[in-house]
Amino acid sequence: TAEVIEPAAGTDAAAKDLLHALEGRRKLAYDELVASLSAPRTAKLFSRLVGWIEAGDWTIDPEREGRRQEPIASFVARKLVKITEKFKERCDELEEASQEERHRIRIRAKNLRYSAEFFETLVAPKAARGKPARPKTARKRFQAFIAVLKDLQTILGKENDVRMARRFLASLAQEISEGRLADAGMATLAAVESIAGSIESLSESEFRKKAVKARRALAEVKPFWG
């Protein structure tokens with residue numbers, strides 16, 4: 001959202017004051033996140049997670065013996081196949097999707113990309129000791145796969161950022177109008193309205209054109225795992 005609001009802000013004093021206030025809010029949110037991650041209950045949660053990984057019921061359950069013995073590379077490849085096919089199905093009508101569905105698809109694209117990148121060394125490793133660890137085809141397909149997901153993230157992310165920025169500014173304008181924002185007067189309200197009016201987004205026709213292109217690229221990308 002900040003990447004959308006800041007470029008649209010003017011250079012007058014009210015706009016600068018507004019950006020300073022927004023930076024303060026962002027810092028406060030980060031501080032709250034750090035505090036939450038540092039809290040004893042979070043440490044306890046991670047401790048329980050590590051304990052489950054190391055000695056949970058799944059480690060001795062006889063019905064899970066086959067899955068425990070499955071090589072990690074095979075497991076990852078199987079899972080990537082499954083979630084990729086489901087993701088492609090979800091994108092079949094991307095350009096017709098509602099705003100809420102586009103947001104969910106963006107999150108899934110991000111999760112799929114990060115999952116693939118996390119397990120890159122297993123399913124499409126780089127050259128090792130001067131020799132290809134896997135055929136070069138796997139690397140090229142992996143890079144193509146990631147590039148397609150990045151394009152989808154960019155298209156959907158920019159649209160989502162604009163929508164969230166406008167929603168935030170509308171909420172901020174209401175707070176100012178109702179006198180609920182300290183030290184914010186009509187000049188600040190005018191700055192908020194000016195920024196909101198300066199934010200540009202893709203037209204629906206432009207979005208559809210880009211979405212169709214990205215969806216087709218996703219459908220054509222070849223698997224790199226296996």
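Crowding of Arg167 atom CZ: a count of heavy atoms from other residues, nucleotides or ligands under 6.0 Å not exceeding 12. Counted within 6.0 Å of NZ on Lys86, heavy atoms from surrounding residues, nucleotides or ligands total 12 or fewer; the atom is thus considered open. Atom CZ of Arg78 has more than 12 heavy atoms from other residues, nucleotides or ligands within 6.0 Å.
In this model, a donor atom of one side chain and an acceptor atom of the other lie less than 3.5 Å apart for Ser203 and Glu206. Under 3.5 Å, the side chains of Arg163 and Gln99 contain a donor-acceptor pair of N or O atoms. Side-chain contact check for Arg108 and Asn111: no donor-acceptor pair (N or O, by modelled atom type) lies under 3.5 Å.
Each of Arg208, Lys210, Arg215 was scored for a side-chain hydrogen bond (donor to acceptor under 3.5 Å, both in side chains) with Glu95, with one residue passing: Arg215. Here the rule is side chain to side chain contact (heavy atoms under 4.5 Å, CB included) with Ile105, and of Arg102, Glu101, His103 only Glu101 fits it.
Across all their heavy atoms, Phe207 and Ile155 have their closest contact at CE1-CG2, 3.7 Å. When all heavy atoms of Ala144 and Val221 are compared, the pair lying nearest together is C-CG2, 4.0 Å.
The backbone N or O of Glu70 sits nowhere less than 3.5 Å from a side-chain atom of Ser74 that would complete a donor-acceptor pair. Put simply, the side chain of Thr59 gets close to the backbone of Gly56: a donor and an acceptor are under 3.5 Å apart. No donor-acceptor pair under 3.5 Å is formed between the side chain of Arg106 and the backbone N or O of Gly157. With hydrogens and angles disregarded, a donor-acceptor distance shorter than 3.5 Å links the side chain of Ser38 to the backbone of Val34.
Neither Phe168 nor Leu28 shares a network with the other; the hydrophobic side chains, linked directly or stepwise wherever heavy atoms of I, L, V, M, F, W or Y lie under 4.5 Å apart, form separate groups for each.
Looking at Arg139 and Glu120, a side-chain N of the basic residue comes within less than 4.0 Å of a carboxylate O on the acidic one, giving a salt bridge. Between Asp31 and Lys27, at least one side-chain N (NZ, or NE/NH1/NH2) sits under 4.0 Å from a carboxylate O, which counts as a salt bridge. Salt-bridge annotation for Arg68 and Glu65: present, with a side-chain N of the basic residue lying under 4.0 Å from a carboxylate O of the acidic one.
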Pair Leu94-Leu152, side-chain contact (heavy atoms from CB on, under 4.5 Å): steps then yes or no: CA-CA 10 Å; Leu94 175 60; Leu152 271 170; 3.6 Å; yes
Given the rule in the salt bridge (charged side-chain N to carboxylate O under 4.0 Å, His left out) test, do Arg113 and Glu117 qualify, once you have shown the distances and angles that lead to the verdict? CA-CA 6 Å; Arg113 174 191 158 197; Glu117 289 178 331; 3.3 Å; yes
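A distance of 9.5 Å separates CD of Glu220 from NZ of Lys88, quoted to the nearest 0.5 Å. Atom CZ in Phe75 sits 7.5 Å away from atom CZ in Phe119 (nearest 0.5 Å). Annotation: the span from Leu80 atom CG to Ser115 atom OG amounts to 7.0 Å, rounded to 0.5 Å. Atom CD of Gln153 sits about 8.5 Å away from atom NZ of Lys150, to the nearest 0.5 Å.
Under the 4.5 Å side-chain criterion, counting only non-hydrogen atoms from C-beta, Arg141 is not in contact with Phe145.
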